[in-house]
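Each remark here refers to the structure printed beneath this line.
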Amino acid sequence: MNNPLLWKLLRRHVSKVQTVGFAIANIVGLTIVLLGLQFYVDVLPVFADEESFIRKDYLVVTKTIGNGAMVGSLIGGTDINAFSDSDIADIEEQPWVRKVGRFTTTNYRVSASLNAYGRSMRTQMFFESVPDEFIDTKNINWTFDPNSKNPEIPILLSKDYLALYNFGFATSQGMPQLSESMVGKVPFSLVIQGDDGRVVRVGGKIVGFSNRLNTIIVPESFMKWSNEMFAPGVVTKPSRLILEVSKPGDVAIEKYMKKHDYEIAGDKMNSSKANYMLTIVMGIVIAVGLVISALSFFILILSIYLLLQKNTKKLQDLLLLGYSPSEVASQYVKMVVWVNMAVYVFGIALMLYARSLYMPQLEAFAICGGSLWQAALSGFILIALITMGNIIAIKRKVAALWYLEK
């Protein structure tokens, strides 16, 4: 209820220094929280982008090749560095593992030949496959039908392979450099030769390039069909695994790999550590902001309690004169609401100013940033909770004086 005379009487003991101190502390805490949330929203596309330098949710794992394993492979031990079923089961039980995929390789010989731009090439090659859910290239024709009239094998290549060809082999041999779209139009034939001497020619087509898989990938359906057709009865254990992990960069992953003499392909573990550390730092920043906001909340509560304690006699007189506890409390509630509204506005303004300082650096990495509504809504919810806590504390204190007087 709006009562100017009542407010003039009660505000005489309101400390402007304490009120300003509370507001500044709350502005600092709220700004830190908003800035941490907004920064996370701005860099979130980096975590979601499969081609991002920081998103490394998939790890390709192999066993370390020692001298003993090398000698064993020379005398015919092909499964020396393969993963056993118990190895895979143990990996699947780790808390940071979401999914485990097996690399399957060909148990027969493959050669490829192509004729393009007046040049011909022929080479021995290999195929590998992984479960389709681990394929990172989208919107491609990833099916193989052995019963079709002219069966054609869709193939995924690592982007590194194309770079090696264009900037290594092609330039040194006088071959034309090829773009990704052009490679898909170059026809080539594959010769598959089984252990029984049977030879089959099929067509092949490169349908895309992968950033995640540094190998030559074919559909798993083709791999199963061809191994059964050209190497029946031959069963090989996987020598490589692909892991989808929930916490890339987790220290537990590195410890587990070292303990079991496993290796992670490329520098994915280092990039994952950057991802993991950035997440931790953002969590710490937001936690610090919440602590400061909580402290400012208790500062205001303490200030109000001291103010009410100073005005105990005056408040009791007002209650005896017929003013209700809600009327008396409403004057302090109004003050708290206006102060917290100002805190929210200043917090948003400071967050936007700080964002304008770091966005040019993010834009240099082609990061456009996210929307502002998540941080603004989170700040509003936080300041609303603080205000509700203040109001409840004020009303309880005034009600206690009322019951004490009665």
Would you say Ser158's side chain and Asp160's backbone share a donor-acceptor pair under 3.5 angstrom? yes
Heavy-atom closest pair (Ser371 atom, Gln38 atom, distance to 0.1 Å) is O-NE2, 3.2 Å
To check you understand the geometry: which heavy-atom pair defines the closest contact between Glu220 and Asp132, and what is its length? N-OD1, 4.2 Å
Pair Lys63 + Asp87, salt bridge at N-O below 4.0 Å: yes
Side-chain contact, heavy-atom cut-off 4.5 Å: Leu241 with Ile88? yes
Report the C-alpha distance between Leu382 and Leu30 in whole Å, list the side-chain angles of each, state the deciding distance to 0.1 Å, and finish with yes or no for side chain to side chain contact (heavy atoms under 4.5 Å, CB included). CA-CA 8 Å; Leu382 178 60; Leu30 184 65; 3.7 Å; yes
Indicate yes or no: at least one non-hydrogen side-chain atom of Tyr108 is less than 4.5 angstrom from one of Phe126. no
Using the side-chain contact (heavy atoms from CB on, under 4.5 Å) definition, which of the options Leu190, Leu156, Ile153 pairs with Val218? Ile153
Least distance between heavy atoms, Asn141 atom then Pro154 atom: O-CB, 3.4 Å
To the nearest 0.5 Å, how far apart are CD1 in Ile155 and CZ in Phe127? 4.0 Å
So does Glu128 pair up with Arg240, basic N to acidic O under 4.0 Å? yes
Under the side chain to side chain donor-acceptor pair (under 3.5 Å) test, which residues partner Thr105, sequence neighbours left out? none
Hey, what do you get for CD (Glu93) to CG (Asp90), rounding to the nearest 0.5 Å? 6.0 Å
Test side chain to side chain contact (heavy atoms under 4.5 Å, CB included) on Leu35 and Tyr358; report intermediate values, then the result. CA-CA 11 Å; Leu35 191 59; Tyr358 71 71; 3.8 Å; yes
Check whether any side-chain heavy atom of Lys255 sits under 4.5 Å from a side-chain heavy atom of Lys259, and report yes or no. no
Side-chain touch Tyr58/Leu213, heavy atoms, less than 4.5 angstrom: no
Less than 4.5 Å apart, side chain to side chain, heavy atoms only: is that true for Asn340 and Val337? no
Verify the neighbour count for atom CZ of Phe346: are there more than 12 heavy atoms of other residues, nucleotides or ligands below 6.0 Å? no
Do Ser189 and Ser113 have a side chain donor and acceptor closer than 3.5 Å? yes
Spacing of Ile264 atom CD1 and Ile253 atom CD1 [to the nearest 0.5 Å]: 7.0 Å
Rounded to the nearest 0.5 Å, how far does OH of Tyr344 lie from CG of Leu34? 7.5 Å
If you round to the nearest 0.5 Å, how far is CD of Glu244 from CH2 of Trp96? 13.0 Å
To the nearest 0.5 Å, what is the distance between CZ (Phe103) and CZ (Phe134)? 9.0 Å
Any idea which heavy atoms bring Gly194 and Arg109 closest together, and the distance? O-NH2, 4.1 Å
Tell me, do Ile135 and Val130 make a side-chain contact under 4.5 Å, heavy atoms counted? yes
Decide yes or no for Phe209 and Leu162: does some side-chain heavy atom of the first lie under 4.5 Å from some side-chain heavy atom of the second? yes
On a heavy-atom basis, which atom in Ala375 and which in Met351 lie closest, and how many Å separate them? CB-CE, 4.4 Å
Is there a side-chain contact between Val97 and Gln94 in this structure, where contact means two heavy atoms from C-beta onward sitting under 4.5 Å apart? yes
Would you please test Tyr161 and Ile206 for side chain to side chain contact (heavy atoms under 4.5 Å, CB included) and show each step? CA-CA 12 Å; Tyr161 289 8; Ile206 297 174; over 6 Å; no
Hey, mind stepping through Asn227 and Thr104 against side chain to side chain contact (heavy atoms under 4.5 Å, CB included) and telling me if it holds? CA-CA 10 Å; Asn227 275 334; Thr104 305; 4.1 Å; yes
Would you mind checking if Arg355 and Asp42 are paired as a salt bridge, meaning a charged N to carboxylate O distance below 4.0 Å? yes
Donor-acceptor check, side chain of Asp136 to backbone of Asn211, threshold 3.5 angstrom: yes or no? yes
Looking only at heavy atoms, what is the nearest atom pair of Asn107 and Val234, with distance? ND2-O, 3.5 Å
Counting only heavy atoms not in Phe380, do more than 12 fall under 6.0 Å of its CZ? no
In chain order, what residues pass the ring pair (Phe, Tyr, Trp, His ring centres under 6.0 Å) check against Phe144, with sequence neighbours excluded? Phe222, Trp225
What residues form a salt bridge (charged side-chain N to carboxylate O under 4.0 Å, His left out) with Lys224, not counting sequence neighbours? none
